[in-house]
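Shown next, in structure tokens, is the structure this report addresses.
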Amino acid sequence: MNKSRREFIKLSAIGAGGLVLANPLLNAMIGQVNAAEPMDASKIKRFPTYCEVCFWKCAGWVYTDEKGEIWKIEGNEDDPHSNGRFCPRGTGGLGMYNDPDRLKTPLMRVEENGMQTFKEVSWDKAFRFIAEKMNKIKEESGPESLALFKHGSGGAHFGKLFKAFGSKNITAPSYAQCRGPREVGFNTTFGSNINSPEPVDLENTKCLVLIGNHIGENMHNSHVQEMSKAIDRGATIITVDPRLSTAASKSKYWLPIKPATDIALLLAWMNVIVSEELYDKKYIEQYAYGLEDLQAHIVDKTPEWAEKITTISADVIRQTAREMAFHAPATLIHPGRHVTWYGDDTQRLRAMAMLNALLGSWGRKGGFYFPEKAKVPSYPHPGYPPVNWTWKDHLDGTYALAGSSIANVFVDMSHPDNESDYKIKGWFVVGTNLISTIPDTQRTLEAIQNLDLLVVVDTMPMEITGYADVILPECTYLERYDDMRVSPNRFPNVAVRVPAVKPKYLSKPSDWIVRKLAKKLKLSKHFNYESYGEVIDWQLKQMGSSLAEMREKGVLKMERKTPMFIEEDDYHEFGTSTGMIELYSLDLEMEGFDPIPNYTPHPEPPQGFYRLNYGRAPMHTFGRTANNPNLNELMSENCLWVNPFVAADNNLENGQEVWLKNQDGVVSDFPIKVRVTERIGKDNVYMVHGFGRANKKLKRSFGKGISDTQLVTNVMVDPVMGGTGMRGNFVSFVTDKPESEVIS
Amino acid sequence: MRYAMVIDTKKCVGCSDCVVACQNENRVPIGYCRDWVIEHAKGTFPNVSIELRSERCNHCENSPCVRCCPTGASHYEDGGLVKVTRQECIGCGACVQSCPYDARYSHPDGFVDKCTFCHHRLQEGKLPSCVSVCPTECMYFGDLDDKESKVYQLLQNRNWKVLAPEVGTKPHVYYLI
């Protein structure tokens, strides 16, 4: 493998004869059933599924029409994630199935006439190539040198393959690039992780506090539903966000904070609640460790102190703190989800957890409930071989509090500058577009160039597929079985997914891909079934149900065994080392970090630059849906939110296209349209994440808008758990087309 | 019976689920829609507010589209629904021009199409698909002649508006504000 081998391939695949590639008719056919034709209701069928357009995994029904084609997808009324109502992405999930740009056949990187391109190959040839490379890596460096990056249901099957092969180097960017800091922040306080879906009792909350959390733009279905009910009930919403988010527009208090100063606000809120003795005395006395230390720590963190830092007036800080206390314990400081912002994120999330603790909301109605999860037996398989090392050996005690593997550390272990004994030589990337999920793309690309094998499994061409040696086309969730959805919730439940239609083109379910590859690797004993339906049926039968029953029900609900909240006369044991709520964290102290959070000033944008903020739109799941024909139609590109004063200062007009240049001189590949709006302040600009797709095979979304990830070159790593803080990047406007070559 | 839709702008998050659900349910071709979502911002930072609302055919009591239709394809039905009989529609587009809400489009198959309040679902005792999918449950549907109905109650107890009341169309889609 030579170093320049892995160019981003710019051409379409070369046909190998007989395989469907781009059928122009398909474009014309999407969704265009003759509308005048009446539907024969007796031929309509429905199949249970849970959604894979995002991680919320709502359970629902896929309806097929008289031709056996997917007609519509609706929520399952028994499902606590959707309550019978899918969000726009789930409703538009059929666009994933219908998208003519889907990956259709296995592709292998070949060199023809001095140029690298992808060639269509048979599944068998792809498997033979991959198995040979995997075995070579195993012989030369050990099986541990193969790493799996995964997201979503398909990834779970590959996880089993990796363990059977002898590697536990398995990771997902959803931890260190997203929710990791909140897990550590809450775990060091309450001894419990937050997990997904977050066990927040929005249904009963009287006061909801959102810190940069834009529910409604993040379409976390049941939370959006419950927030709406909270609005109906007249609950107080307090939103801290430099931008008037949708949630902020529905709030009693919107605190347009100066970005990167949240910890100062949180400390001042605690100062008011402690100094005015508004905290839950009985709860704190019974359960909390370190109140005196906290008191001493925050005595000078007054609202007046915080006003100078946050720009939020001391009066508003006091007023909102008192309102939170008034509604306590039914006051909920929502932990949020994507919280890797400034590198001190674990400490910010700690401060949020501590504020919840003072208000007594953990384990209380209207605060946080204790979720329960169904117990699903594992399908019998032989034991996995022992491994000689994992990513933890490479870290040698660094980020000891991280509860999951750290995707960016896997990049480090694969990079040519890795001097440790623990080197990664090959990647499987399943259902995650690492180019736009892990910041500092340049470093990721350097690591990719250093690999002996890169296999990408996805339903769509993505940026990462352009760098693959082999691309394996996974069919969409609508065309396959998968593991049951087992998620912690108010009551234990499982949801099934069965195929509603046959896989299109030559795409295959991940469980099939894994079984066939396992055969080539002589690991078939670990995958002793012919269809994944068998596995689910076996598991359901152990639980007293069956796949046949679940085809009719979709969701199986079970009784709770433990109380949902802390009961009055009960003594609750917390999972921390003291068994108490740690206002003073012994774990953090032991690892050499602040046991109580401190506010540290962060760099501010230089003259002529603006902080780059990014977020979600309700009709998209990052880049995953940018090309979805149904959802692309609702929002086909992102735009750049700019305050009118900033626009005037820079001679920008509404709708004008600009390129962005960041503090390190990186210029965006594509232009973005300016949206002049009063909804944002003067020190930052905002865009929705997931656009600016650079793979030309994405015909609908290529070059539309900007990828914020491309401009995130200043990565502030969280010293506690290795998360990648991404909100310390500053951009300026470039109005003339820059002379740079687009990578594809 | 007077069918009405009541939409609570205080709860709508502008997610556009109503648009996708309608497209699927009614097989509206990609590139067209029977409903859509509007954002209207007022004020200056930081004293700024927004209104989000899902819009569609207002099933007006005094419909310019019905009046101007040369073939009678656009017509009223029970409950005040305004519908288009596809077989009678010649696709002239007069109704598209006459609608003050821009609620109609010319379907590629040669007729004019728009929201029917999901008449086929109402006949099965179901709600319109936009109402039944909405994650925020900000949309309500019912009979204004029924004083027990949620839509009647909401209009009694909340502030509301209709769109372009000045054109005198008497819309049947109401917005809670």
Side-chain angles (χ1 to χ4, degrees), chain A residues 30-37 39 63 65 70-75 82-92 94-95 98 215-217 219 221-222 224-225 227-229 231-232 244 246-247 249-250 254 256 617-619 629-635 643-645 677-682, chain B residues 8-34 36-37 39-52 85-87 89 107-111 113 120 124 126 129-139 154 158 176:
Chain A
I30 305 169
Q32 297 208 5
V33 182
N34 185 345
E37 205 174 287
M39 223 186 289
Y63 289 83
D65 63 15
I70 296 172
W71 168 33
K72 62 179 179 182
I73 312 172
E74 290 181 350
S82 74
N83 301 302
R85 293 166 182 262
F86 263 21
C87 88
R89 297 161 305 154
T91 308
L94 73 174
N98 284 325
I215 299 184
E217 283 157 289
M219 206 63 200
N221 197 350
S222 41
V224 175
Q225 297 184 15
M227 182 173 83
S228 185
K229 291 197 174 78
I231 293 170
D232 252 350
L244 184 90
T246 301
S249 78
K250 301 189 183 301
W254 170 39
M619 60 291 282
N630 299 77
L631 304 177
N632 177 275
E633 189 181 53
L634 299 175
M635 181 180 180
N643 179 280
F645 285 98
T677 175
E678 297 284 0
R679 291 177 65 182
I680 193 163
K682 296 173 197 168
Chain B
D8 190 347
T9 63
K10 298 287 182 199
K11 293 202 287 180
C12 175
V13 295
C15 74
S16 307
D17 203 2
C18 44
V19 180
V20 194
C22 171
Q23 285 172 324
N24 290 351
E25 178 69 31
N26 296 297
R27 301 183 166 198
V28 177
I30 297 259
Y32 302 89
C33 57
R34 290 180 175 189
W36 59 93
V37 175
E39 176 197 319
H40 182 64
K42 279 191 296 202
T44 52
F45 185 92
N47 301 308
V48 53
S49 64
I50 56 169
E51 180 176 296
L52 293 160
T85 307
R86 287 174 181 179
Q87 292 75 8
C89 176
H107 192 285
D109 288 354
F111 54 85
D113 193 39
H120 63 291
E124 295 173 18
K126 295 178 182 165
S129 71
C130 55
V131 176
S132 72
V133 79
C134 176
T136 66
E137 298 190 51
C138 76
M139 300 161 85
L154 284 166
R158 293 271 304 267
L176 302 178

TODO: Could you tell me which residues satisfy side chain to side chain donor-acceptor pair (under 3.5 Å) with Lys682(A), sequence neighbours excluded, listed by chain and number?
DONE: none
TODO: Check whether Glu217(A) gets within reach of chain B through its side chain, its backbone, both or neither, counting any heavy atom under 4.5 Å.
DONE: neither
Open item on the list: If we define contacts as heavy-atom pairs under 4.5 Å, which of Gly681(A), Gly92(A), Pro256(A) has the most with chain B?
Closed with: Gly681(A)
Open item on the list: Which heavy atom of Met619(A) sits nearest to which heavy atom of Gly14(B), and what is that distance?
Closed with: CE-O, 4.1 Å
- [ ] Check whether Leu94(A) gets within reach of chain B through its side chain, its backbone, both or neither, counting any heavy atom under 4.5 Å.
- [x] side chain
Task: Region of Asp113(B) in contact with chain A, defined by heavy-atom distances below 4.5 Å - done: neither
Open item on the list: Has Lys250(A) got a side-chain atom pairing as donor or acceptor with Cys12(B)'s backbone, closer than 3.5 angstrom?
Closed with: yes
Task: chain A contact via Cys134(B) - which portion, at a heavy-atom distance below 4.5 Å - done: both
- [ ] Name all residues meeting the side chain to side chain donor-acceptor pair (under 3.5 Å) criterion together with Thr136(B); count only those two or more places apart in sequence or in a different chain, and write none if there are none.
- [x] none
Open item on the list: To check you understand the geometry: which heavy-atom pair defines the closest contact between Glu678(A) and Val48(B), and what is its length?
Closed with: O-CG1, 3.6 Å
Open item on the list: Counting heavy-atom pairs closer than 4.5 Å to chain B, which one of Pro618(A), Ser222(A), Ser228(A) comes out on top?
Closed with: Ser228(A)
Task: chain A contact via Gln23(B) - side chain, backbone, both or neither, heavy atoms under 4.5 Å - done: side chain
Task: Per-residue contact mode, Glu51(B) against chain A (heavy atom under 4.5 angstrom) - done: neither
Open item on the list: Tell me the closest heavy-atom pair linking Phe45(B) and Asn643(A), and the distance in Å.
Closed with: CB-ND2, 3.9 Å
Task: Test item: Asp232(A) and Asp8(B) side chains (from C-beta on) under 4.5 Å apart, heavy atoms - done: yes
Open item on the list: Under a 4.5 Å cutoff for heavy-atom pairs, which residue among Ala247(A), Gly75(A), Ser249(A), Cys87(A) has the most contacts with chain B?
Closed with: Cys87(A)
- [ ] Please state whether the side chain, the backbone, both or neither of Ser129(B) comes within less than 4.5 Å of a heavy atom of chain A.
- [x] neither
Task: Within-4.5 Å side-chain heavy-atom neighbours: Lys229(A) and Glu137(B) - done: yes
Open item on the list: Measuring from atom CD1 of Ile231(A) to atom NZ of Lys10(B), what distance do you get when rounded to the nearest 0.5 angstrom?
Closed with: 10.0 Å
TODO: Determine the minimum heavy-atom distance between Glu633(A) and Tyr32(B), stating which atoms define it.
DONE: OE2-N, 3.6 Å
TODO: Check each atom of Gln225(A) against the heavy atoms of chain B and say whether the ones under 4.5 Å are side chain, backbone, both or neither.
DONE: both
TODO: Measure the spacing between CD1 of Ile50(B) and OG1 of Thr246(A) and express it to the nearest 0.5 Å.
DONE: 5.0 Å
TODO: Just give me the residue among Leu244(A), Val224(A), Asn221(A) that pairs up with chain B most often, heavy atom to heavy atom, under 4.5 Å.
DONE: Leu244(A)
- [ ] With a 4.5 Å cut-off on heavy-atom pairs, point out which of Ala41(B), Ser49(B), Gly43(B) contacts chain A the most.
- [x] Gly43(B)
- [ ] Mind listing the closest non-hydrogen atom pair of Pro88(A) and Ser16(B) along with its distance?
- [x] CB-C, 4.2 Å
Task: Check ion pair Arg85(A)-Asp17(B) (N to O, under 4.0 angstrom) - done: no
TODO: Taking all heavy atoms of Asn24(B) and all of Thr91(A), pick out the closest pair and write down the distance.
DONE: ND2-O, 2.9 Å
